[in-house]
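As a basis for the values below, the full set of heavy atoms in this structure was taken, side chains included, without hydrogen atoms, waters or symmetry mates. Each chain gets a letter, A, B and so on, in the order its sequence line appears, and its residues count up from 1.
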Amino acid sequence: MSSLLDSPFSPVIGSCLVAGLALSLLARLVRTPSVAGLVAPMAFLLAYYMTYEKIPGFPPVGATNKIFYVALVTTLAGLLYDLLAPSFVTGSGGLLAVVVTASLLIAVWIGLPRFIAADTPLLVAALATVAVLVLGGTLLLWRLATVDEAGAVDGTVLLAVLPGIFAPIALFGGSSTSAGLCLGLVSGLAMMALVNLIWPRVLGLTAVLGAGGGLLAVIDTITLITRHIDFVALAVFLAAPFAGLIGARLVLPRHQAGSRVRAVATGVIAAATVAPILVILFLRHESPL
Amino acid sequence: MRMLLAATTAIAFAAVAVGGPTTARAADYTIDPSHTHILFMVNHLGFSNMIGLFTDMTGSFSFDPAAIPSSKVKVTIKTASLSTQFGPRDADLKGADWFNVTEFPEMTFTGTSYSKTDEHTGTITGNLTLLGVTKPVVLHVTFNQAGLRGPDKKQAAGFSAIGTFKRSEFGMKTYIPYIGDDVSLIIETEGTVG
């Protein structure tokens with residue numbers, strides 16, 4: 001514990017814990033869904049700022065600087081969707097189009113340097129990697145955006161645990177900084193999940209695209225730019241929300257569907273995927289610790 | 001044994017005669033990568049200074065002891081050649097948070113002004129480009145010697161240099177102040193003509 005307090009991660013985690021709780025309580029007081037949706041993206045942007053100690057200039061140079069603007073733009077896109085979509089969009093087609101577009105644009109923008117001046121085999125490898133990331137990112141965002149029905153908080157809990165599951169993959173993937181960002185994000189989102197468990201609120205697309213899109217940008221950066229990601233561990237990570245939802249459905253009696261217990265069970269089972277991920281990472285890589 | 005001593009003395013005199021070890025003349029040199037070492041040091045949590053090095057570089061310099069201000073130097077370093085003797089840390093340092101070798105595969109140093117402080121020392125002010133950001137850096141240089149290099153009979157010149165810069169000025173702010181902002185450079189180099 002003392003080593004964590006002395007580490008560069010402690011200011012990130014501490015500030016995100018406090019800000020996450022304060023913002024969530026404030027959003028609860030304001031009671032405006034669009035304001036409440038901003039808590040998760042603000043936790044991401046704070047975690048980013050505390051990790052990199054900068055607001056990058058625009059246009060951003062380098063993938064880590066792009067992450068900030070990805071989170072900013074996806075937050076605005078989500079906010080627009082949450083404000084306008086109920087009037088225009090019917091069915092799930094519009095939502096699917098938004099998450100596919102977001103996932104595609106994030107991967108292409110982050111991975112752009114891989115396409116420039118690349119010879120054919122490298123270009124094919126880069127395209128294949130981008131295709132995998134777009135598919136994985138779409139599944140992740142789609143699952144988070146559609147999981148909650150009225151009164152459910154599964155999406156909030158899932159969004160909160162996902163960065164924590166990804167943190168060791170980032171650490172082994174040549175990005176201890178991203179691991180720190182993920183731990184900060186978990187802290188902020190855990191506070192949000194706690195408040196939402198007490199006063200249930202459906203996770204809107206502002207939260208999913210803002211924080212989820214930012215997390216996707218981190219994943220894409222490690223995969224496409226740092227290029228040290230473990231794809232097996234990444235596959236397990238992408239399966240985590242599905243494992244959580246299916247696991248909770250199997251473990252809990254049917255009458256508890258939609259309850260806080262189901263949300264917690266979903267989060268715990270999803271978070272448990274970190275165990276096989278750690279086994280995979282320690283077996284396949286030299287420990288960075 | 002006496003024969004060997006005589007032969008060695010003769011070779012030494014011959015070498016001095018054609019351009020001894022301290023003889024320097026105006027020439028354009030190509031950096032010899034097998035005798036060039038670029039090290040950097042950065043403070044690690046206040047406990048020690050971590051040392052890293054780059055093993056792949058190219059470059060050239062012009063050097064005339066009689067006209068120091070007209071010197072030239074340009075060095076290009078392949079950032080992916082970074083090594084700190086610990087694989088996982090190298091992966092981290094080559095990644096997007098630090099040297100970002102995928103997007104910025106090269107860092108360059110181009111000298112812009114040169115001055116002599118005494119017979120064997122001087123300063124080079126130049127532009128260091130790292131992570132797409134160019135900032136001036138001052139190197140304090142010691143001229144070691146110039147002349148014919150024994151083994152390959154090439155005209156050579158050798159220098160040692162040290163310098164410091166703040167990595168935050170190049171946008172590399174990761175883990176400051178836990179990992180130091182000040183980066184010390186230690187350079188040992190030889191250049192050859194032809």
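Side chains of Asp230(A) and His285(A): a donor on one and an acceptor on the other come within 3.5 Å.
The residues Arg149(B) and Asp152(B) are annotated as salt-bridged, a charged nitrogen and a carboxylate oxygen being separated by less than 4.0 angstrom.
Considering Ile162(B), Leu185(B), Thr125(B), Thr123(B) in turn, Leu185(B) is the only one that fulfils the side-chain contact (heavy atoms from CB on, under 4.5 Å) rule with Leu139(B).
Note: Phe63(B) and Phe159(B) have perpendicular aromatic rings, judged against thresholds of 30 and 60 degrees for the angle between ring planes.
Per-residue counts of heavy-atom pairs under 4.5 Å with chain A were compared for Pro88(B), Pro177(B), Gly171(B); the largest is that of Pro88(B).
Heavy atoms closer than 4.5 Å to chain B are found in the backbone of Leu224(A), but not in its side chain. For a residue to count as touching a neighbouring chain, one of its non-hydrogen atoms must lie under 4.5 Å from one of that chain's; by this rule Ser178(A) touches chain B with backbone and side chain alike. For Asn100(B), the part lying under 4.5 angstrom from a heavy atom of chain A is the side chain only.
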